[in-house]
Amino acid sequence: MDNRLFIFDTTLRDGEQVPGCQLNTVEKIQVAKALEALGVDVIEAGFPVSSPGDFNSVIEISKAVTWPTVCALTRAVQKDIDVAVEALRFAKRKRIHTGIGTSDSHIKYKFGSNREEIIERAVAAVKYARRFAEDVEFYAEDAGRTDNEYLARVIEAVIKAGATVVNIPDTTGYCLPAEYGAKIKYLVDHVEGIDNAVISTHCHNDLGMATANTVAGILNGARQVEVTINGIGERAGNTALEEIAMIMKSHHEIDIRTNINTRKIYSTSRMVSSLMNMPVQPNKAIVGRNAFAHSSGIHQDGVLKNAHTYEIIDPREVGVDDNSIVLTARSGRAALKNRLSVLGVQLEQEKLDQVYEEFLKLADKKKDVNDDDILVLAGADRTQNHRIKLDYLQVTSGVGVRSVASLGLNISGEKFEACATGNGPVDAAIKALKKIVDRNMTLKEFTIQAISKGSDDMGKVHMQVEYDKQMYYGFGANTDIIAASVEAYIDCINKFKI
Ligand code: KIV
Ligand code: ZN
């Protein structure tokens, strides 16, 4: 069996479906180019029929990347396939990813159908897609809970119809690794013509087994894995790309290789986390802040004597270098530029100057400026074209008194001011804001998070505001968490479709 493992990245499709992770087209192109540089084989760029935004992103990503295959998702529906074909028209290499639910529960409750009819629909979709693309992948949604015998019949039929890749998703993240591995083996052993297609894994992490299941799939014959950066994705997420890449790289006995340039893993992880406002848990394998931090005395002693005692991966292999930590007020523009480029961000001179000014202000307030701070600063100019900006904010608060906030906004060049009291400083500031922007909006979710440690740290605020029956996501980052909260609220308002 071939020892090449294809990496199919679905950060921009399954990952981007996560509430709050939505990117605009420019940001998606940035991620797609980083994925190309990382060496992924396939980029799933979106689900074109689902929205004009997805349709447009597939077009622009197709134009922007050269080497990876660009893939578009569809249901087993002709209209979806037509729209995907249209969106993929600029792709140098294109793939249509079509499919249908095959578990009894999907057949009965989702489609009100029966097993034979589902096979017919699957075959018809693959045949139709093959009219427009040589590369057609079929997904058997909820394959994890689909009876193996029936699944094998579906897979055999779609391969006969022309599917070049067959995707076996554990959609609900239910399978045990041995069970998922056995499922792949069952297909290898029982599907006539299986050698004419690549078997793909697509594992969700609901029970924390996505990576283990994916590895079980590979060991039993799968040669494509569907993964996302940092494991982001629906609910508990998808299999993390960086974990599979490093498992294959570290376990030589498996003798399977990917095309991933692992030294770009860390910068890609940071970029995705920053653009999607999705923090990486500190103990996340490979890319978490503590992934290579040895804190116990015994471990530190061992690592100092010989890194192999406690380190199975040299951090440099994933692009984490020793000087990745601190920049201070004495660091120059060149150091900042170098740091940004390690993190995968290239800025023009003028933008770099602006970010540097902001960096100096932050470095004055904060002892160490770390990678996350820098990424926030580099992204800060994304707000420059916003219609509403925070001019100033003053808040007084304390124990036993009501908080008072006075706040100034600049709305399309015009200045507005308001004052309010509230139950705490954030409440007072948002009430003042609402006096100026008088709309029927409700705060639905509000999370504050320190980026690293230390009382001088930057606070990141994620917000969800409901307006006109729609949810809007906003983000703010500031060493002052009240200001970060107001910025996040303003970020939401700037996104309102008015
Ligand atoms: O989880 C899943 O089943 C999917 C399919 C649409 C491929 O994401
Ligand atoms: Zn999925």
Side-chain angles (χ1 to χ4, degrees), residues 6-19 21 40-51 54 58 69-77 80-81 83-84 87 95-107 109-111 118 121-122 125-126 129 135-146 150-151 154-155 158 163-175 180 183-184 187 197-211 213-214 217 222 224-241 243-244 276 278:
F6 296 101
I7 302 290
F8 174 115
D9 182 278
T10 184
T11 304
L12 293 171
R13 201 278 298 169
D14 225 339
E16 218 250 349
Q17 276 171 215
V18 176
C21 283
V40 309
D41 299 287
V42 185
I43 296 176
E44 188 162 49
F47 180 13
V49 83
S50 70
S51 72
D54 259 39
V58 174
T69 295
V70 179
C71 177
L73 185 78
T74 81
R75 294 166 299 179
V77 171
D80 285 27
I81 296 170
V83 176
R95 179 182 296 176
I96 297 170
H97 189 190
T98 190
I100 196 162
T102 54
S103 64
D104 286 337
S105 105
H106 277 227
I107 294 174
Y109 300 113
K110 221 173 123 174
F111 303 111
I118 290 295
R121 284 167 72 171
V126 170
D135 192 0
V136 171
E137 173 168 341
F138 174 81
Y139 65 86
E141 195 179 8
D142 205 14
R145 294 186 301 168
T146 301
Y150 175 64
L151 183 63
V154 177
I155 297 303
V158 295
T164 46
V165 181
V166 286
N167 177 11
I168 313 300
D170 183 22
T171 305
T172 59
Y174 179 74
C175 284
Y180 188 75
K183 191 174 281 288
I184 301 297
L187 298 176
V198 172
I199 302 178
S200 183
T201 66
H202 180 115
C203 299
H204 279 269
N205 203 31
D206 299 65
L207 291 170
M209 294 189 288
T211 296
N213 284 347
T214 299
Q224 176 181 280
V225 289
E226 307 197 3
V227 290
T228 59
I229 301 292
N230 301 334
I232 63 161
E234 284 273 335
R235 309 180 309 278
N238 291 56
T239 306
L241 180 151
E243 293 173 14
I244 295 301
M276 291 192 160
M278 184 59 122

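Indexing begins at 1, ligand by ligand and atom by atom, following the structure's order. What you see below is based on every heavy atom in this structure, not just the backbone, and it leaves out hydrogens, waters and symmetry mates. Because the structure is a prediction, the values reported are computed rather than measured.
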Quick check: do [X] and [Y] have side-chain heavy atoms less than 4.5 Å from each other?
| X | Y | result |
| --- | --- | --- |
| Tyr139 | His202 | no |
| Asn238 | Val227 | no |
| Phe111 | Arg121 | yes |
| Arg95 | Phe8 | yes |

Report, in ascending order of atom number, the atoms of ligand 1 lying under 4.0 Å from any heavy atom of [X].
| X | result |
| --- | --- |
| Thr171 | 1 (O), 2 (C), 3 (O) |
| Asn167 | 7 (C) |
| Glu141 | 3 (O) |
| Asp14 | 8 (O) |

When rounded to the nearest 0.5 angstrom, what is the spacing between [atom1] in [X] and [atom2] in [Y]?
| X | Y | atom1 | atom2 | value |
| --- | --- | --- | --- | --- |
| Thr74 | Glu137 | OG1 | CD | 10.5 Å |
| Leu73 | Ile81 | CG | CD1 | 10.5 Å |
| Asp170 | Glu226 | CG | CD | 12.5 Å |

Mind checking whether His204 contacts ligand 1 via backbone (N, CA, C, O), side chain (CB onward), both or neither, at a 4.0 Å heavy-atom cut-off?
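His204 to ligand 1: side-chain contact only, backbone stays beyond 4.0 Å.
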Applying a 4.0 Å heavy-atom criterion (strictly less than), which segment of Thr10 is in contact with ligand 1: side chain, backbone, both, or neither?
neither
What is the closest protein heavy atom to atom 8 (O) of ligand 1, and at what distance does it sit?
Arg13 NH2, 2.9 Å
Which residue owns the protein heavy atom closest to atom 4 (C) of ligand 1, what's the atom, and how far is it?
His202 NE2, 3.4 Å
Taking N, O or S atoms only and a limit of 2.8 Å, check whether Glu226 reaches the Zn ion (ligand 2).
no
Tell me whether Tyr150 at atom OH has more than 12 heavy atoms from other residues, nucleotides or ligands lying less than 6.0 Å away.
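Result for OH/Tyr150: enclosed.
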Which single N/O/S atom of Asp14 lies at minimum distance from the Zn ion (ligand 2)?
OD2
Evaluate Asp142 for polar contact with ligand 1, using N/O atom pairs at a separation under 3.5 Å.
no
